[in-house]
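Beneath this line is the structure, given in structure tokens, with notes to follow.
So that the names make sense, note that chain A is the first sequence line, chain B the second, and so on, each numbered from 1.
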Protein chains: 2
Amino acid sequence: MSRKPMVRPGGRSARVQASVHTAVRDILSERGRDAVTVPLVAQRAGVTPSTIYRRWGDLQELLSDVAVERLRPDTAPEDHGDLLSDLTAWAEQFLDEMSSPSGRAYIRDALLGDPDGSNAGRCSAYAAEQIDVVLARAIGREENTPDVETAMDRVVAPMMYRILFRPAGLDAAYARRLVTELLDAGEEHPLP
Amino acid sequence: MSRKPMVRPGGRSARVQASVHTAVRDILSERGRDAVTVPLVAQRAGVTPSTIYRRWGDLQELLSDVAVERLRPDTAPEDHGDLLSDLTAWAEQFLDEMSSPSGRAYIRDALLGDPDGSNAGRCSAYAAEQIDVVLARAIGREENTPDVETAMDRVVAPMMYRILFRPAGLDAAYARRLVTELLDAGEEHPLP
DNA sequence: CACCTTAAAGCACGGTTATTGCGTTTAGGT
DNA sequence: ACCTAAACGCAATAACCGTGCTTTAAGGTG
């Protein structure tokens with residue numbers, strides 16, 4: 001019996017996908033979000049609009065797809081020797097990238113064309129993965145280490161909430177304070 | 001000298017605004033988000049499309065406007081006699097309302113048509129206001145009480161983050177746990 | 001109370017976009 | 001080298017978005 005090919009990752013398909021993605025990013029950076037339209041993306045990518053509708057089905061799904069790829073961290077968190085330094089540096093960089101106007105726009109796009117929540121879930125998984133690397137290092141150093149869920153609740157969630165709902169008055173000091181409070185709380189219940 | 005009338009709140013304008021808002025809510029609940037379009041809303045509201053463009057300028061701004069009004073709490077938090085009960089009850093109700101499919105949709109709409117972030121800021125202000133009422137009661141009872149910012153970071157932000165980015169596995173127990181952890185942390189540094 | 005000013009709503013139209021049917025190309029397997 | 005079907009290109013259609021101009025009526029004035 002023959003295997004069913006569910007998707008064609010090679011050759012023309014891959015070329016079209018890459019071309020469309022870069023076209024979307026270019027238009028976003030050059031003319032802003034409102035200028036991104038299917039015919040324009042298609043023209044810039046050297047593709048017909050119908051191709052985009054067949055592959056992505058919707059402009060918002062395409063934007064969400066591009067946004068998630070854009071928000072994926074391209075490098076592992078740096079190692080500064082201890083948990084406090086590692087988490088602080090990561091949180092500062094995260095807040096800096098995400099709170100920029102383009103960062104907020106990408107987050108909103110990722111949330112938008114996402115009926116089942118899988119794209120937004122992928123964004124959250126990226127952050128959890130990065131934090132997990134940092135925490136695993138700390139465990140290796142036998143430091144007192146919170147778990148990933150607590151770190152997400154105490155550090156990532158407050159930053160993201162403020163980025164989305166209260167974008168005024170966000171700075172690196174806020175990120176540092178969240179990390180400090182997370183680790184201080186852990187210190188009060190030291191492991192035996 | 002004469003005062004400049006900046007806006008006309010009475011008579012026809014108010015009638016049109018109410019009619020358009022209810023039309024949007026009806027279409028949202030009957031046919032879903034994708035069916036909401038300016039001509040359809042206009043037809044249902046007994047209004048011409050140009051009126052909507054003049055007043056709101058954009059479909060997303062209209063949706064954002066309706067969403068914010070829908071998310072405004074219509075009643076003060078109930079008084080259960082102590083801070084733990086009050087905050088727990090409020091958090092459970094908040095999570096229940098916001099994590100529903102329609103709640104998530106309204107939140108996304110409020111975030112969307114919102115270039116300057118004022119609508120999203122209003123949503124956050126609603127929650128802060130409700131929490132402030134609860135905390136003010138607790139202070140009146142001379143209970144040990146965290147401040148509003150801490151409560152937002154520890155309770156509201158984690159719930160909202162999970163609603164938006166990780167909608168699976170959310171229940172009242174999570175809300176209770178967040179409130180308990182917030183108040184337990186405060187108990188460790190009792191006021192003199 | 002009648003008049004005046006002007007914000008707000010209605011009307012009609014042009015331009016652009018979203019969307020689908022059908023034929024052609026080409027990737028992946030036999 | 002051939003075959004199948006997945007993916008793409010072309011073209012046409014219907015719907016929507018957005019705007020200039022006209023008409024209505026809200027709120028103030030003499």
Side-chain angles (χ1 to χ4, degrees), chain A residues 1-24 26-28 30-66 69 109 112-115, chain B residues 1-24 26-28 30-66 69 109 112-115:
Chain A
M1 69 199 296
S2 59
R3 201 93 58 81
K4 266 192 192 173
M6 294 303 291
V7 70
R8 295 190 178 185
R12 185 170 64 170
S13 295
R15 211 158 43 238
V16 166
Q17 162 145 354
S19 179
V20 168
H21 272 222
T22 58
V24 169
D26 289 349
I27 297 172
L28 272 178
E30 289 175 12
R31 304 194 205 177
R33 163 67 195 275
D34 291 345
V36 178
T37 180
V38 174
L40 188 62
V41 172
Q43 180 189 344
R44 181 130 183 177
V47 173
T48 57
S50 62
T51 296
I52 294 179
Y53 288 115
R54 302 284 186 209
R55 265 183 84 89
W56 286 275
D58 194 340
L59 177 65
Q60 293 184 338
E61 261 187 71
L62 170 59
L63 282 169
S64 184
D65 201 31
V66 172
E69 188 178 300
D109 285 340
L112 191 63
D114 196 20
Chain B
M1 72 197 295
S2 60
R3 201 92 59 79
K4 264 193 192 173
M6 293 304 292
V7 71
R8 296 190 178 186
R12 184 169 65 168
S13 295
R15 212 160 42 239
V16 166
Q17 162 145 355
S19 179
V20 169
H21 272 222
T22 58
V24 170
D26 290 348
I27 296 172
L28 272 178
E30 289 174 11
R31 303 194 205 176
R33 162 67 196 274
D34 291 345
V36 178
T37 181
V38 173
L40 188 62
V41 171
Q43 180 189 346
R44 181 129 183 178
V47 171
T48 56
S50 63
T51 295
I52 294 179
Y53 288 117
R54 302 282 189 211
R55 268 182 82 89
W56 285 275
D58 193 339
L59 177 64
Q60 292 184 339
E61 262 187 71
L62 171 59
L63 282 169
S64 185
D65 200 31
V66 172
E69 188 177 300
D109 285 340
L112 192 63
D114 197 19

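- Following rounding to the nearest Å, B:Leu59 (CG) and D:dC16 (C1') show an atom-to-atom distance of 11 Å.
- Residue A:Tyr53 holds its OH atom at 7.5 Å from CG of A:Leu59, rounded to the nearest 0.5 Å.
- One can place CD of B:Gln43 at 13 Å from P of C:dC11, the figure rounded to the nearest angstrom.
- Not counting sequence neighbours, the partners of A:Arg44 by the side-chain hydrogen bond (donor to acceptor under 3.5 Å, both in side chains) test are A:Glu30.
- Considering only residues two or more places apart in sequence or on other chains, A:Arg33 meets the side-chain hydrogen bond (donor to acceptor under 3.5 Å, both in side chains) condition with A:Asp109.
- Remark: B:Thr37 engages no residue in a side-chain hydrogen bond (donor to acceptor under 3.5 Å, both in side chains) (not counting sequence neighbours).
- The separation between A:Trp56 atom CH2 and C:dT17 atom C1' is 18 Å, rounded to whole Å.
- Shown are B:Val66, B:Asp26, B:Leu28; of these, the side-chain contact (heavy atoms from CB on, under 4.5 Å) with B:Val36 is made only by B:Leu28.
- Residues meeting the side chain to side chain contact (heavy atoms under 4.5 Å, CB included) test with B:Thr48, sequence neighbours left out: B:Ser50, B:Thr51.
- Of all the residues in residues 31-41 of chain B, not one reaches under 4.0 Å from DNA chain C with any non-hydrogen atom.
- Going from atom CD of B:Gln60 over to atom P of D:dC17 covers 11 Å, rounded to whole Å.
- Helix-axis bend for the helix from C:dC1-D:dG30 to C:dT30-D:dA1: the local axis fitted to the five terminal pairs at one end deviates from that at the other end by 30°, rounded to 10°.
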Go through B:Leu63 and B:Leu112 one step at a time and tell me if the side-chain contact (heavy atoms from CB on, under 4.5 Å) criterion holds. CA-CA 9 Å; B:Leu63 282 169; B:Leu112 192 63; over 6 Å; no

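- Counting to the nearest Å, the P atom of C:dT19 and the OH atom of A:Tyr53 are 5 Å from each other.
- Remark: P of D:dG9 and CZ of A:Arg15 are 10 Å apart, rounded to the nearest angstrom.
- Residues forming a side chain to side chain contact (heavy atoms under 4.5 Å, CB included) with A:Ala18 (at least two apart in sequence, or on another chain): none.
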Nucleotide N/O to protein N/O under 3.5 Å, stretch nucleotides 10-12 of chain D:
from: D:dC10; atom 1: N4; to: A:Ser50; atom 2: OG; distance (Å): 2.8

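- If you take CG of A:Asp58 and P of C:dA18, they are 9 Å apart, rounded to a whole angstrom.
- Proximity of B:Arg55 to the phosphate of C:dA9: a side-chain N or O atom is located under 4.0 Å from OP1 or OP2.
- For B:Ala45, the side chain to side chain contact (heavy atoms under 4.5 Å, CB included) partners are B:Ser19, B:Val20, B:Ala23, B:Val47, not counting sequence neighbours.
- For the side chain to side chain contact (heavy atoms under 4.5 Å, CB included) test, residues two or more places apart in sequence or in another chain that qualify with B:Gln43 are B:Leu40.
- Every residue meeting the side-chain hydrogen bond (donor to acceptor under 3.5 Å, both in side chains) condition with B:Glu69, not counting sequence neighbours, appears here in chain and number order: B:His21.
- A:Leu62 has its CG atom 16 Å from the C1' atom of C:dT19, to the nearest Å.
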